[in-house]
Amino acid sequence: MADSSNTSSSTAATTTGNPPEIRSWADEADEIDQAEKSSAANENDSAEPQIGSLQIDESKRVINSTLDDPEDSRIEAVTSGDTMYKSAKRFEDLNLSPELLKGLYVEMKFERPSKIQEISLPMILTPPYKNLIAQAHNGSGKTTCFVLGMLSRVDPKLAAPQALCICPTRELAIQNMEVLLKMGKFTGITSELAIPADAANYIPVSKRPPVSAQVVIGTPGTINKWVTARKLGMSCMKILVFDEADHMLAETGFQDDSIRIMKAIVKASADSQVLLFSATFGENVKAFVTKIVRDLFVKDYNQMFVKKEELSLDSVKQYKVQCPDELSKVMVIKDKILELGQKVGQTIIFVRTKNGASMLHKSLVDYGYEVTTIQGALKQEDRDKIIKEFKEGLTQVLISTDLLARGFDQSQVNLVVNYDLPVRHESPSEPDHEVYLHRIGRAGRFGRKGAIFNLLCNDRDDMLMSKIENHFNSQVTEIASWRSDEDFENALKKAGLL
DNA sequence: GGGACGG
């Protein structure tokens, strides 16, 4: 967890000197790993030899193989080139400014680097500042990791944009900015949020002054707009961070903007460093992302990935509920999940569409329940208000589209409901495993307890569910009867929530 | 389908 590392003996990155193996840093690494001695890895290798591997002759594999605590995540770092990295056991090992250290200890209340920080921060902060592709699990502290990276690399005396962070949603940009302000409180480092202004505060880009803030966090459209209008200068940029990088670089609609920003940075500031962070890097995405980094940046890149026996699937308990029809799904939410949920914390209910969100909202409100709903069609001020109320604990239940699937951090969320299972848009008979993982990652933050309820009401749902179970190789427990209060109570007890 | 570019 991010705020206080455990005390088990840590895992220094140690150079083995072995020739590099071709490895995957996808989140499915565990599966691949289990089978890799046999055929899986070989298949991968022969099909696409460059993927997930490094430039063969100049790379070294650095792996922490000396774990003595089976509870620990396994963190693997693959470095390229000759630079040696020493893991940071203490923040003092990182040459941070006293002001930043104070922020870490006093504001963030950190004691020492978390596992992923211990390994990745030296890779981020050691010259020649190589690019980094980092997979870190939900709730493992990846935000604090790249925020610290940005704050450390900014020169406080230079009043120009030096760090840029790009996020897939406005909410995530805002949330990351809040972490930055907190951690950087004593540094005097300036920052600006680059998201679209609401109608009331709208100023045409041509009429706004150039950005002088040292750190800019925002969404791709607005950032591009500012860059194109020459209001956001790239010449002093040292570090570019993509949060939810797989999504930003692979998804149509994000991809063009993201690549354009990358190109602008490379053009203006050749030695800039790019950090790609996500909990998931699917097979296809991984290939694509590595290719982009290779093509665009002169410098090569390091990789880090966190392996855990069952991903983030182990601290939260997953359930599935057979519901005979749509209405019974509403009944389950109303009579079981909301009633019991009151006792165990906050709940997020995920739906597939904005319309679905509105319909469910109306149903529950008509039954007299207090729920709020967030989706992208709302006005920004409403979005802000709903998030604020939820984060302050004023509302207990939040219905959301996949707007909140990624990155949303609210520690009181113990229950996640999939009213609709996540499906791939291009082939709706296939589940979206990455989105599933991100959604359930909203519960059980930083190792806390949590429960997931998947509501199924037809053969297609059954099929999707079983594909998800197979993919993650984890059995999802079936609730015997959707009508039984006792069944749901026991489920929450087993999840450690009652 | 969702999110990200609207002005």
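Below, all heavy atoms of this structure are taken into account, side chains as well, without hydrogens, waters or symmetry copies. In the text below, chain A, chain B and the rest are named by the order of the sequence lines, each starting its count at 1.
- G253(A) comes within contact range of at least one nucleobase, with a heavy-atom separation under 4.0 Å.
- Rounded to a whole Å, the CZ atom of R424(A) is 18 Å from the P atom of dG3(B).
- Atom CD1 of I195(A) and atom P of dG6(B) are 12 Å apart (whole Å).
- If you look at F488(A) and Y319(A), their ring centroids are not closer than 6.0 Å.
- Remark: P of dG3(B) and CD1 of I174(A) are 15 Å apart, rounded to the nearest angstrom.
- In this structure, the CG atom of D246(A) is 20 Å from the P atom of dG2(B), given to the nearest Å.
- The interatomic distance linking Q375(A) (CD) with dG3(B) (P) rounds to 6 Å, in whole Å.
- The side chain of T219(A) approaches dA4(B) more closely than any other nucleotide in the set dG1(B), dG7(B), dA4(B).
- A cation-pi geometry, defined here as NZ or CZ lying under 6.0 Å from the six-membered ring centre and within 45° of its normal, holds between R153(A) and Y129(A).
- Sequence order on DNA chain B of the closest nucleotides to D198(A) and E426(A) puts E426(A) first from the 5' end.
- Regarding contacts with the backbone of dA4(B), every side-chain N or O of R406(A) stays at 4.0 angstrom or more from both OP1 and OP2.
- No side-chain heavy atom of N418(A) sits less than 4.5 Å from a side-chain heavy atom of L455(A).
- Regarding contacts with the backbone of dA4(B), every side-chain N or O of K225(A) stays at 4.0 angstrom or more from both OP1 and OP2.
- Contact annotation for A405(A): no contact, since no heavy-atom pair falls under 4.0 Å across all strands.
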Please lay out, stage by stage, how D462(A) and K320(A) fare under the test salt bridge (charged side-chain N to carboxylate O under 4.0 Å, His left out).
CA-CA 9 Å; D462(A) 292 343; K320(A) 55 186 170 187; over 6 Å; no
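- The CG atom of L464(A) sits 7.5 Å away from atom OG of S429(A), with the distance rounded to the nearest 0.5 Å.
- One atom, CD of E430(A), and another, P of dG1(B), lie 19 Å apart when rounded to the nearest Å.
- At the heavy-atom level, K354(A) lies under 4.0 Å from the strands shown only through sugar-phosphate atoms.
- If you take CD of Q380(A) and C1' of dC5(B), they are 14 Å apart, rounded to a whole angstrom.
- Note on T401(A): every side-chain N or O is 4.0 Å or more away from OP1 and OP2 of dG1(B).
- Look at T222(A) and you won't find any side-chain N or O under 4.0 angstrom from OP1 or OP2 of dA4(B).
- Residue-level contact check: T252(A) touches the bases, meaning some heavy atom is under 4.0 Å from a base atom.
- In the model, R383(A) has no side-chain atom that pairs as donor or acceptor with a side-chain atom of Q375(A) under 3.5 Å.
- A173(A) comes within contact range of no nucleotide atom at all, as no heavy-atom separation falls under 4.0 Å.
- If you check distances only, the side chain of H425(A) never reaches the base of dG3(B) with a donor-acceptor pair under 3.5 Å.
- Here dC5(B) presents its P atom at 17 Å from CD of Q255(A), a figure rounded to the nearest Å.
- Residue-level contact check: E251(A) touches the bases, meaning some heavy atom is under 4.0 Å from a base atom.
- Heavy atoms of R383(A) sit under 4.0 angstrom from primed sugar atoms or phosphate atoms, though from no base atom.
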